[in-house]
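Take a look at this one; I'll ask things after.
In what follows, every heavy atom counts, from backbone to side chain, and hydrogens, waters and symmetry copies are set aside. Throughout, protein chains are lettered first and strands after them, A, B, ... in sequence-line order, and every chain is numbered starting at 1.
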Amino acid sequence: MRELSYRDALNEALHEEMARDPCVCILGEDVGRYGGVLQITRGLYEKYGEKRVRDTPISEAGFVGIAVGAAMTGLRPVAEIMYIDFSTLAMDQIVNQAAKARYMFGGKARVPLVIRTQGGGGRGNAAQHSQSLEMWYVHTPGLIVIQPSTPYDAKGLLKSAIRNDNPVIFIEHKLLYNTTGPVPEEPYLIPIGVADVKREGSDVTIVATSRMALLALEAAEQLAAKGIQAEVIDPRTLKPLDLSCIIQSVQKTGRLVVVNEAPLTGGFTAEVTARVQRQAFDWLDAPIMQVAGADVPLPYNGRLEMAAIPQVRDIVDAALSVCYREA
Amino acid sequence: MRELSYRDALNEALHEEMARDPCVCILGEDVGRYGGVLQITRGLYEKYGEKRVRDTPISEAGFVGIAVGAAMTGLRPVAEIMYIDFSTLAMDQIVNQAAKARYMFGGKARVPLVIRTQGGGGRGNAAQHSQSLEMWYVHTPGLIVIQPSTPYDAKGLLKSAIRNDNPVIFIEHKLLYNTTGPVPEEPYLIPIGVADVKREGSDVTIVATSRMALLALEAAEQLAAKGIQAEVIDPRTLKPLDLSCIIQSVQKTGRLVVVNEAPLTGGFTAEVTARVQRQAFDWLDAPIMQVAGADVPLPYNGRLEMAAIPQVRDIVDAALSVCYREA
Amino acid sequence: MELSHQQLADLYYRLWLIRLFDAAARRLFMENKLRGTTHTYTGQEAVAVGACSVLRPDDYITSTHRGHGHVLAKGGDPRRMMAELLGKATGYCKGKGGSMHIADLDIGVLGANGIVGGGIGIATGAAYSATVRGTDQVAICFFGDGASNQGILMEAGNMAALWRLPIIYLCEENQYAEFSPSRPFMAVEKLEQKAAAFGMPGVTVDGNDLLAVRRVVGEAVARARAGDGPTFVVAQTYRVEGHTVGDPLTYRPPEEAEQWRSPERDPIQRFGRKLVDDFGFTSAELKGLHEQAQQTIDEAIRFAEESPEPEPADLWEDVLA
Amino acid sequence: MELSHQQLADLYYRLWLIRLFDAAARRLFMENKLRGTTHTYTGQEAVAVGACSVLRPDDYITSTHRGHGHVLAKGGDPRRMMAELLGKATGYCKGKGGSMHIADLDIGVLGANGIVGGGIGIATGAAYSATVRGTDQVAICFFGDGASNQGILMEAGNMAALWRLPIIYLCEENQYAEFSPSRPFMAVEKLEQKAAAFGMPGVTVDGNDLLAVRRVVGEAVARARAGDGPTFVVAQTYRVEGHTVGDPLTYRPPEEAEQWRSPERDPIQRFGRKLVDDFGFTSAELKGLHEQAQQTIDEAIRFAEESPEPEPADLWEDVLA
Ligand SMILES: Cc1ncc(C[n+]2csc(CCOP(=O)(O)OP(=O)(O)O)c2C)c(N)n1
Ligand SMILES: Cc1ncc(C[n+]2csc(CCOP(=O)(O)OP(=O)(O)O)c2C)c(N)n1
Ligand SMILES: [Mg+2]
Ligand SMILES: [Mg+2]
């Protein structure tokens, strides 16, 4: 099958959806003429013109608000917030307006809005450009939250997000753009809310999101060398979460490690841990292990940053520990 | 001992701290001449004048930003965000600036800022005026998060928050202002990061925050009538969390119910559940039960709103279930 | 822009509809039948009615926490509004929104809003949407003088001006923001000066003069529809009642509101006199319209009170489409 | 405001210090010794040096993502800055902040900032703080033309005007915001027009003329110190290099930057000529100052490269006080 980068897969998804539906439009800083700081919107301005591909001023609250209003009135905007850290400037528009409009209005509004943004650390961008804020949005009723880890998932899920009638927070990872993987030429969609078993195994379940899914696969290789077969599950959609896929796996393995890059406290690993301990209590042979970011703002220095973000080694150690094996 | 309302206890704390330290100042909408929409800042403007008690325009990002800058340069501002829902407008200032300045600057800055705000449902204020957003802040390294449930705690913790050198998110509950309780005349402080056992018991531990602590105490009464002795713990400080107090209790009771008003998914109950299952796995005789808000924006209608927020009955049922008793 | 006798009568009727709706809302609130808070539009009716009189049903508005008047002026159904205030299943939001969240997407009402300034982005987005879909729809964004201090106004206003969006930013200078006068919180002398920073024309109008509002907003709407971009309109008026129902109004002299309630200033009485003096209406006709409005409101209350509450299972509906 | 020969020499030296610091930063970045992104201030040096030349050490500034020039102009230590860029324990932020977060609270530098517009609230708060503490300190808030579209500018500016805070909002109109020209994103004709909406005086100055910047900002600072409130200053200049180091600059004609690098426009050469023509400096003197700056930078690089990395345990330090 054809190989594409995560970047190109996203770009292709946007091209296809804009061609399919004249209501799809793009807003954001430098998304037009320049093609996006990360080049995800490359070529769209030339093809669809400035009405549908709007370069905006540096006004996150304003252009996200505009996207919300546009979504309520017949468009399907895809707004790009360059770094998820800047979504802090548009929180009212995302959380109080987009997420709640439908419910507050008794089901009358549709808000088919996609906010594409990018999170995570690892490039030395320091504390204001490296956050993993997915849990704020997972905690907000009325939003869908997606974090793809492969080019294939990125394309299929972005297309589904655009066609979905709800506000979707679509979070890419800055270290994934140059990764490559198979992406079919034929059109396809990936359903929202369905996890993907990235590797099958019987000894321990590893649930890992976004870039952490790739690290979990590496960890699984190392574990295999030690005779431990890890099942790696990428939820892909954090909300709604495909819990049954995870539960089924845990019923098989009896052991669970959850990996997420955000700071441990209040993070996604806690959410999965809580759900699984309740629904699969009797199947668990060991406490669930959480592998998560350090509870610190991300530091600039490379050594420190590595230490603040889960590494393959941490996942391996956690898996060994739930299998009651020495590291 | 003298009885005071939660409202008056907070007001007294502000009066005492402003009298003690000329660097304490107040900013917010209608906090000055009017004394605050909830009358928490009553009498301060008259005593300390408009420089130290600043009525601001309706500009949450602006005045919180000003409070951050003031905190970095020698003042100890107490900014009031009228409803926690409006903190969405100031997220950049809270999360990217206040919470991170010290770390990003290598420990050079101090940001002794208190953001007083008010959350929770129960009064029919609907989706944009009833949120419980504490977990966003708990998930943010660099912040302290406090939610007092009694007048005594409210006063002692607000005073400690003002004296603390870090940004503190101090979250009151709209249904608690008129509750009363003993508050000594003598000055006192309550340390940040220390939970309070509100009731001792040996059969089940109930951890509950903010107004939910009062409901948990009611639930404990009803459980006592059924022969179950519940220990009720109010963490008071959500971050840093006094986990050892909770673990000790669970080691005694073997059973845990966690109660928090925010939507279940990604909420505080998940965080406590995850920590306890890991640290007290072998002591647990039943899965930890989470009692939390429904994963919906809060509705206006009273019946629906009651159904969306945990009630005493839900806590009793959860406690019975972890004790493997019929409801 | 010439108005027929029937159209003028309808405007007068709508003024009363708003006044009486809010009187009823106030009463019901005091009787503990409403929850949360309720903000009345009393004294400002001519702004919404005058402005919406130049709109088509498919044009858009966004409203505020003080939204009853805007929704009624745009053609909202008083029965479903009243039912919403009472939290009933027949309400506009099935009882989930209440006073601060009434919306009627079918007639372009993109919602009242509990966030001060919360509608500014949405209205601007609706105007942008019209340009992409190639319609000639227009949006009016209602907001208060207090709200004009929210930064998103500059952000959205700038984009509206740059992109020549068909939108009118209609600032109701009712002289108060919550429990404070609004003027001491703006560094500009006249609110319309802000328009300069947003790169659009600014104009001030007597908000208690329905036909003046209609004229000024009408020109702005015509410009917007022709593709000539946004306008910032300041309608000067007065919030005759408290910020919310129940506000003891300790912070302003009672005489002030009394003056604004006087026949000289009250927007309904002013418009009524105009109708008699310049448009051949009789007092009896006016009385009839007033009574008709009262009947509509009475019927709305009856409808609302007789309507069922939502079912418990409704809690889980409408979170996602 | 009369400047001694020594003071003038110092200003010239500082211009070069900034230019050479950024040249070194660029080189180190290209050698993969820096992480994240690095933004150079090249071509804008006269703005920061001119503006900071009227400040006292206890006055405040807030800076931006393009912060090296501001920090050096306010008196920052090039060694600790360079060490920070290299992520070393001896850096201003112990290696935790990097290029975008350099701060020196001891000399009133309240931080570079990775959020466009992120310093606006903080600077305004520092000015407010000075009034409460009863000092006559002043704050300068540096931000870009792109940043002027962030709503918090209107919010904070309004409060600064209302409260007559001692602050200068110094907008550097360097004609670009990231990978786009900045002008097409502002609906106003001249940036200074925004000042009207914030209720404060606005003034535009040639940002490549150090003494002009010094004069205009000097007047604003004097007014601020006297309690007469804020000023909005627009310094017109040009971002000679890319948005970040490594920017291929595909979006603008190379001649454009060449013109701004020319002796007629380059702020350092302009100031140098002025020193020779009007203040009796010799070319040799200028050359000496230039070389001295180069030595300082070389020594800073040496210091930085020889400095130790932070210890792993440092990760957990400095989260809370
Ligand atoms: C973001 C936000 N901040 C504060 C409030 C609280 N609040 C509700 S109405 C109001 C005053 C609004 O004043 P104005 O915009 O003039 O509207 P008016 O009430 O006069 O119609 C305030 C501060 C809010 N609802 N939202
Ligand atoms: C809130 C926010 N939005 C977007 C960005 C990405 N970004 C970094 S610099 C920049 C351009 C800033 O332009 P300007 O304010 O003119 O400053 P200049 O780079 O010209 O110095 C942008 C959009 C950011 N860092 N923060
Ligand atoms: Mg008002
Ligand atoms: Mg610029």
| field | Segment of Glu50(A) engaging chain C (4.5 angstrom heavy-atom cut-off) | value | neither
| Given the options Ile144(A), Val111(A), Val68(A), Asp92(A), which has more heavy-atom pairs under 4.5 Å with chain C than any of the others? | Asp92(A)
| Contacting moiety of Ile58(A), where chain C heavy atoms sit under 4.5 Å | neither
| query | Taking 4.0 angstrom as the limit, do Asp314(C) and Lys94(C) come out as a salt bridge? | reply | no
| Top residue by heavy-atom pair count (under 4.5 Å) with chain A, among Ser129(C), Gly108(C), Gly118(C)? | Ser129(C)
| task | Look at Asp104(C), Ile102(C), Val132(C) and state which one has the largest set of heavy-atom pairs under 4.5 Å with chain A. | result | Val132(C)
| If you look at every heavy atom in Val53(A) and Tyr45(A), which pair is closest and at what distance? | O-CD1, 3.7 Å
| message | Report which part of Asn96(A) has an atom under 4.5 Å of a heavy atom belonging to chain C: side chain, backbone, both, or neither. | response | side chain
| field | Side chain proximity check, Leu153(C) to Phe198(C), heavy atoms < 4.5 angstrom | value | yes
| field | Segment of Ile120(C) engaging chain A (4.5 angstrom heavy-atom cut-off) | value | neither
| field | Stacked cation flag Arg79(C) on Phe303(C), 6.0 angstrom / 45 deg | value | yes
| If you tally heavy-atom pairs under 4.5 Å against chain A, which of Gln137(C), Met154(C), Arg133(C) wins? | Arg133(C)
| task | Output the option from Leu143(A), Leu89(A), Asn164(A), Ile66(A) having the highest count of non-hydrogen pairs under 4.5 Å with chain C. | result | Ile66(A)
| request: Counting only heavy atoms closer than 4.5 Å, note whether Leu315(C) contacts chain A via side chain, backbone, both or neither. | output: both
| field | Within-4.5 Å side-chain heavy-atom neighbours: Tyr128(C) and Thr131(C) | value | yes
| task | Any chance you could measure Gln248(A), atom CD, to Asp242(A), atom CG, to the nearest 0.5 Å? | result | 8.5 Å
| query | Is Lys96(C) positioned over the aromatic face of Tyr103(A), cation under 6.0 angstrom from the ring centre and no more than 45 degrees off axis? | reply | yes
| said: Report which part of Asp106(C) has an atom under 4.5 Å of a heavy atom belonging to chain A: side chain, backbone, both, or neither. | reply: neither
| For chain A, the option from Gly111(C), Gly125(C), Gly95(C) that forms the most heavy-atom pairs under 4.5 Å | Gly125(C)
| request: Identify which part of Ile152(C) has an atom lying under 4.5 Å from any heavy atom of chain A, answering side chain, backbone, both or neither. | output: side chain
| Which of the residues Thr56(A), Leu75(A), Val64(A), Asp165(A) is involved in the greatest number of heavy-atom pairs with chain C at under 4.5 angstrom? | Leu75(A)
| request: Inspect the contact between Glu309(C) and Lys88(C) and indicate whether a charged nitrogen and a carboxylate oxygen are less than 4.0 angstrom apart. | output: no
| Of the backbone (N, CA, C, O) and the side chain (C-beta and beyond), which part of Ala126(C) lies under 4.5 Å from a heavy atom of chain A, both, or neither? | both
| If you tally heavy-atom pairs under 4.5 Å against chain C, which of Pro141(A), Ala70(A), Pro112(A), Pro240(A) wins? | Ala70(A)
| task | Answer yes or no: is there a side-chain heavy-atom contact under 4.5 Å between Phe170(A) and Ser160(A)? | result | no
| task | Walk me through it: do Ser99(C) and His68(C) pass the test side chain to side chain donor-acceptor pair (under 3.5 Å)? | result | CA-CA 8 Å; Ser99(C) 164; His68(C) 306 160; 2.8 Å; yes
